[in-house]
Amino acid sequence: MRLIDSPDLPDAVVTPSGSLSRHQLLEQASRVAGRIKGAPIVAVDAVPDLSTIVAVTGALLAGVPIVPIPPDAGDLERAHILRDSGAALLAGSDISEISPGRPRLDAALVLYTSGTTGAPKGVVISSEAVEAGLDALAEAWQWTAEDTLVHGLPLYHVHGLVLGVLGPLRLGCRLIHTGRPTPQAYAANPGTMYFGVPTVWSRIAADPAAARALAPARLLVSGSAPLPAPVFDDLAALTGQAPVERYGMTETLITVSARADGERRAGQVGQPLPGITTRLVDESGAPLPSDGTTIGHLQVRGPTLLDGYLRPGGVRPPDLTDGWFPTGDVATVGPDGWHRIVGRASTDLIKTGGYRVGAGEVEDALLLHPAVREAAVIGVPHPDLGERITAFVVAGPVAPAELIDFVAGRLAVHKRPRVVHLVDELPRNAMGKVQKSFLTED
Ligand code: MLC
Ligand code: AMP
């Protein structure tokens, strides 16, 4: 990815542990680039800190694809990502041996994300896709080098890493990373743009003093999960401006957004970004009307789509029909092009705190516990997290808290069930398949 060639900027990157001017960042990143040049792929321990930003910038300079690893990934998830990607691990100033055998990828990033079943998959994203995605957002949000972006999101997903770090690198704007996305940290750091997932915005809206401190900003941006209308309204009232919502996913980057110079509507995520087209289709793939009421499967097409999924021998391209990517989301589209995301087609992908978590991955982790015989995991609507991971488990004598800690120790901590119900049996149909619609908390 081409980085903007701009004059030095003191405090170009600010984090709780220190800051760097643009020249200092490039100097440190060049040292990293020198060490990893020629590596097929490099994994970065994505601690929310300067070291990750330096490592990512270095890999971009060296043209080496990056696999960010959640810093709290448990042993199972971490081992899977390292083995599956074949990456050498870059941690602080150390680099482990570069593993041979992995063919060189023509990509900027490999982001691991959950599917409905099995372990997370490596999504291969090209530099061209990242550039197209960021340039489209820059146009829609009037995002320039004059901006100061503030956020505290994790540095291993599209939101915090691609938009939140590569965005400032490409556009040459200041970045303040607050370490954690707390209302207090956002309020304490003046900026022109703030990024958050709905859980972050709902916590800010619940802290009126923090929300009011964001009033001077130019843009409050929400994405990664549905923003509840009451949070939208509260933010508008407290800050004097309605948030800008945008929609996307790991495989497509951001494809739909409200504009800085346009309308903002509660419960809607905006219009397709420049270069992106979208359509609704029915179960058989036949196009449906954009009349604002017909609900269909949302497909997207454009330059921001993934190259494919990482496989041992190379990259498996996604299953596209005439270039259309099936998002797995159901939506309505109005005659004016405004999109409303209704939900996901599969209940087995859970959105919790803006994180995407596959029910199957959590069930597999629970089944590794010696006391567990059967497990079914669902997302239950929750005011703070959007959905709360909830497990129904048939097990021998074991405390729910032990099972929660068991998962937290093996997968990234946010994938742990927040609630475990011990049950005598799971509801199954005649074929023996678990009927998740019968799982309720009462
Ligand atoms: C709690 N903790 C435990 C634990 N229980 N640790 C070990 N074992 C247990 N049983 C610890 C955690 O490690 C953490 O420590 C602390 O408790 C709080 O963790 P939490 O309860 O999980 O945090 P929570 O407050 O619920 O987090 C809310 C949140 C978070 C909003 C901050 O969900 C978040 O950062 N979300 C962002 C997700 C995101 O960026 N998604 C983008 C996907 S890209 P400690 O020390 O760390 O506090 C995408 C595309 C697009 O979707 O459109 O953008
Ligand atoms: P991820 O793969 O983690 O990038 O998650 C992508 C998913 O997050 C999408 O398929 C949507 O279900 C959801 N999502 C992202 N942004 C929004 C939004 N603004 N409103 C509703 N859902 C969203």
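Side-chain atoms are counted along with the backbone in the values below, which use heavy atoms only and exclude waters and symmetry mates. Counting starts at 1 for both ligands and their atoms, following the listed order.
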Original post:
Given Trp141 and Phe195, is the ring-ring contact (aromatic ring centres under 6.0 Å, His included) satisfied, shown in steps?
Top reply: CA-CA 12 Å; Trp141 295 346; Phe195 288 174; 5.7 Å; yes
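The heavy atom nearest to atom 13 (C) of ligand 2, out of those in Gly223, Gly343, Gly115, Ser224, is found in Ser224. The residue among Leu349, Thr250, Ile254 with a heavy atom at the shortest distance from atom 1 (P) of ligand 2 is Thr250.
Proximity of Arg388 to ligand 1, defined as any heavy-atom pair under 4.0 Å, is not found for any part of the residue. Residue contacts with ligand 1, taken as heavy atom pairs separated by less than 4.0 Å, do not involve Asp384 at all. Residue contacts with ligand 1 for Arg416 involve side-chain atoms from C-beta outward but no N, CA, C or O (heavy atoms, distance under 4.0 Å).
For atom 16 (C) of ligand 1, the protein comes within 4.0 Å by no heavy atom at all.
Inclusion of Arg356 in the set of residues having an N or O under 3.5 Å from an N or O of ligand 2 is warranted. Geometrically, ligand 1 and Arg203 share a nitrogen or oxygen pair separated by less than 3.5 Å. Of the N or O atoms in Glu251, none lie within a sub-3.5 Å distance of an N or O in ligand 2. Considering backbone and side-chain N/O atoms, Asp405 comes within less than 3.5 Å of an N/O atom of ligand 1. The shortest N or O to N or O distance between Ser222 and ligand 2 is not below 3.5 Å.
Remark: distances from the non-hydrogen atoms of Pro181 to ligand 1 include one below 4.0 Å.
Using modelled atom types, one finds no donor on one side chain facing an acceptor on the other under 3.5 Å when comparing Thr52 with Asp49.
Note on ring orientation: taking the six-membered ring where Trp is involved, the planes of Tyr112 and His80 are perpendicular (angle over 60°, cut-offs 30° and 60°).
Annotation: cation-pi geometry satisfied between Arg265 and Trp338 (NZ/CZ under 6.0 angstrom from ring centroid, within 45° of ring axis).
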